[in-house]
Amino acid sequence: MVIVFRQKPAILACAAVAGPLEKRSVFFSYFDKVLEDERVYEQTNEKGQMALVRETCKVLLEKAKVKNLDIDYLLSGDLVNQMTPTSFAARELAVSFIGLFSACATSISSVIVASLLTEVGASNLAIAGAASHHNSTERQFRYPIDYGAQKPATAQWTVTAAGYVLVGQYVDGSPYIAAATVGKVIDYGQTDPFHMGAAMAPAAYQTITDHLKQRGQKIADYDAIFTGDLGTYGLKILKAMFAEDGIGQEDLKIIRDAGEEYYGEDKRFQAGASGAGCSASVFFSYVDLQLKTGRYQKVLLVATGALLSPLSYQQGQSIPCTAHAIEVCV
Amino acid sequence: MKEERYQQIEQQITPKAPVAFNMLKAFLVGGSICAVGQAISYFYIIFFNFTEKTAGNPTVATLIFIAMLLTGFGLYRRLGQFAGAGSAVPVTGFGNAVISAAIEHKTEGFVLGVGGNMFKLAGSVILFGVVSAFAVALIKTILVSLGVISW
Amino acid sequence: MIFSFLFAFVVGGLICVVGQLMLDVGKLTPGHTLSTLVVVGAILDGFGLYEPLIDLAGAGATVPITSFGNSLTHGALAEAEKHGLVGVLTGMFEVTSSGISAAILFGFIGALLFRSKGTID
């Protein structure tokens with residue numbers, strides 16, 4: 001379903017904060033702040049994730065020069081037990097809060113909801129975005145951190161990072177959300193939780209195709225199309241699917257993936273990065289800067305999410321995936 | 001996009017596991033852990049009057065102690081990534097499964113966290129060990145009492 | 001003595017290779033692989049085949065997880081020989097208690113001493 005925004009909900013400010021390991025990220029220099037401790041000196045991983053959300057929102061408010069009482073809504077979510085880290089962070093921010101779950105696609109689904117609230121005039125300033133924390137996500141979805149299981153080359157590394165945007169009424173010169181596509185849930189029967197990129201690629205394909213079709217656009221109309229966390233192999237699969245449709249290699253070059261690029265060439269991270277914070281921290285730092293400096297005029301940000309749970313995996317269910325997209329122009 | 005076509009593309013692009021290389025690494029690391037075990041059992045035989053038969057128990061306990069140190073310092077995870085089954089199949093892998101779960105759930109307290117989750121990975125090994133041992137021993141005992149086979 | 005090390009290395013290594021095949025080719029999870037190997041160890045002892053392997057390879061046969069199934073069965077059979085069917089139940093942990101008690105004890109101590117860190121190196 002494609003939504004076209006008449007009021008041009010604008011991205012007024014962006015903030016990205018990452019954990020200590022993310023110093024290795026190629027996007028490191030674009031982050032606003034890097035935490036020195038992976039748990040932000042808290043006792044538990046989950047509290048650490050809460051602090052990560054809190055810190056990022058704080059940076060965002062400082063950058064936008066507003067106070068938390070000026071904020072109408074916080075729209076966010078995470079992957080840990082009923083989203084408690086984000087909910088607990090919202091408790092401290094003391095703003096109206098809607099928790100959203102689209103797995104790693106929450107970074108964009110939250111911006112879509114924020115844009116809708118702005119469009120109908122219900123919100124003047126809304127914070128949207130997502131965070132993920134390596135330790136708390138791994139223990140939730142896979143194994144204890146110190147368990148010695150061999151990960152295949154297709155596995156991805158959940159990042160410790162958060163990215164948030166301040167969405168508000170349009171002001172001249174700011175990047176704005178021109179349109180958005182809320183993705184369908186696509187399931188092509190993939191079952192391997194260590195090969196998420198393959199499961200998510202069809203969802204990204206579907207969402208991008210739907211968006212272009214209904215907007216009457218083609219890939220070459222964009223300066224860049226960014227997917228969230230497909231990783232090395234997921235991105236290859238996505239490009240192969242577009243190549244099937246007769247799209248040339250030159251056009252496919254503008255499709256980039258935050259997860260694939262996140263850690264550069266370091267093979268210890270296998271197929272790259274994943275997690276809601278992966279797409280959020282890249283979209284809302286690097287991509288935002290490219291828009292503000294005029295290198296990009298029009299980008300499509302597509303966050304992909306694998307909607308599995310440890311329970312559904314153990315019960316032998318396949319991995320349903322979704323992808324949400326926003327068209328950002330300047 | 002047809003689903004079958006997607007499956008073909010996915011098969012083409014997904015890298016195959018380097019089975020031969022993984023087997024070699026598992027062989028070398030697994031064999032080395034067993035050789036270390038052999039050395040430890042000689043140590044117990046020579047210095048503590050254990051016999052070849054009884055040295056197994058203290059050897060296993062010592063290996064699990066070493067596994068605890070490696071797990072705690074985050075080294076067993078890296079060994080596991082390199083060796084695969086080579087570090088999972090020896091009893092140190094069993095120890096790693098128990099100890100990593102115990103360390104991980106420390107944040108939920110020692111009763112609900114460590115106690116409740118310690119065996120969440122290794123529990124199935126104990127379960128199937130006990131059930132299969134019971135079945136095997138039961139069948140053998142019945143067969144012996146029927147005079148089909150002897151001890 | 002040199003040969004005992006060699007046999008331990010080769011036999012132990014080969015059991016791990018079987019495990020690696022189950023992981024890579026059989027696409028089993030580590031949990032399924034280890035559970036299967038334990039069952040195999042128990043069955044081998046039922047046929048009286050595991051003890052000769054220990055005599056040959058020493059730690060090469062006692063260190064892999066298959067020996068856990070073997071010693072459970074072995075304890076059960078030893079008691080069954082003395083006390084009949086009741087012994088099957090009571091004898092199971094006779095031989096194998098050290099692995100589990102060590103894992104529990106060192107798990108507890110590990111939890112006291114360490115905390116997990118999400119580092120790459």
Side-chain angles (χ1 to χ4, degrees), chain A residues 39 42-48 81 135-136 138-140 142-155 186-190 192 194-195 197-206 208-209 230-245 267-271 310, chain B residues 1-19 22 25-26 29 67-68 70-90 92-109 113 117-118 120-122:
Chain A
R39 291 191 180 85
E42 296 282 356
Q43 283 298 310
T44 69
N45 293 315
E46 289 70 21
K47 272 186 159 177
N81 278 340
N135 293 5
S136 62
E138 285 296 311
R139 65 179 282 186
Q140 169 106 25
R142 299 191 179 102
Y143 295 116
I145 298 294
D146 282 315
Y147 181 57
Q150 198 171 32
K151 287 182 190 166
T154 53
I186 307 285
D187 189 343
Y188 279 1
Q190 288 291 323
D192 186 354
F194 287 106
H195 196 5
M200 295 191 294
Y205 171 84
Q206 185 77 42
I208 296 171
T209 313
L230 295 177
T232 311
Y233 301 102
L235 181 64
K236 277 189 185 165
I237 291 170
L238 178 68
K239 286 187 175 180
M241 291 173 88
F242 278 118
E244 284 281 302
D245 291 349
K267 282 297 150 212
R268 287 174 300 177
F269 294 98
Q270 272 85 23
Chain B
M1 174 66 50
K2 287 270 162 39
E3 201 176 322
E4 297 79 46
R5 186 68 193 117
Y6 160 75
Q7 303 291 357
Q8 284 170 7
I9 292 173
E10 194 264 320
Q11 289 297 319
Q12 272 168 23
I13 288 173
T14 304
K16 299 281 166 291
V19 180
N22 281 351
K25 290 190 291 186
V29 174
M68 176 188 84
L70 293 177
T71 304
F73 289 112
L75 298 172
Y76 211 90
R77 176 166 47 121
R78 290 164 65 196
L79 184 67
Q81 180 60 34
F82 177 77
S87 64
V89 170
T92 45
F94 175 79
N96 169 246
V98 175
I99 295 158
S100 65
I103 294 174
E104 190 63 56
H105 289 280
K106 183 186 183 178
T107 49
E108 287 85 75
N117 293 290
M118 194 180 241
K120 73 171 188 177
L121 295 168

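Order of the sequence lines sets the chain letters (A, B, ...), proteins ahead of strands, with each chain counted from 1.
For the pairing with Gln8(B), the side-chain hydrogen bond (donor to acceptor under 3.5 Å, both in side chains) check across Glu4(B), Gln12(B), Arg5(B), Glu10(B) returns one residue only, Arg5(B).
Between Glu138(A) and Arg77(B), no side-chain nitrogen of the basic residue sits less than 4.0 Å from a carboxylate oxygen of the acidic one, so the salt-bridge criterion is not met.
Ala199(A) touches chain B through its backbone: at least one of N, CA, C or O sits under 4.5 Å from a heavy atom, while the side chain does not. Using a 4.5 Å cut-off between heavy atoms, Glu42(A) makes no contact with chain B at all. When heavy atoms are compared at a cutoff of 4.5 Å, Ile13(B) approaches chain A by way of both its backbone and its side chain. Heavy atoms closer than 4.5 Å to chain B are found in the side chain of Thr154(A), but not in its backbone. Only the side chain of Gln7(B) comes within contact range of chain A, with at least one heavy atom under 4.5 Å from a heavy atom of that chain. There is no contact between Phe73(B) and chain A, counting heavy-atom distances below 4.5 Å. Heavy atoms of Ala17(B) lying under 4.5 Å from chain A are absent altogether. Contact annotation for Ala153(A): only side-chain heavy atoms (C-beta onward) come within less than 4.5 Å of a heavy atom of chain B.
The candidate from Thr44(A), Asn45(A), Ile145(A), Asn135(A) with the greatest count of non-hydrogen atom pairs under 4.5 Å with chain B is Ile145(A). The most heavy-atom pairs under 4.5 Å with chain B, out of Gln206(A), Glu46(A), His195(A), come from His195(A).
Between the side chains of Arg139(A) and Thr107(B), a donor-acceptor pair is found at a separation under 3.5 Å.
Among pairs with a residue in residues 231-243 of chain A, none fulfils side chain to side chain donor-acceptor pair (under 3.5 Å), at least two apart in sequence or across chains.
Scanning both residues, Ala67(B) and Asn96(B), for their nearest heavy atoms gives CB-N, 4.4 Å.
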side-chain contact (heavy atoms from CB on, under 4.5 Å) for Phe194(A) and Arg142(A)? Distances and angles first, verdict last. CA-CA 9 Å; Phe194(A) 287 106; Arg142(A) 299 191 179 102; 3.4 Å; yes
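Partners of Pro310(A) by side-chain contact (heavy atoms from CB on, under 4.5 Å), not counting sequence neighbours, listed by chain and number: Phe141(A).
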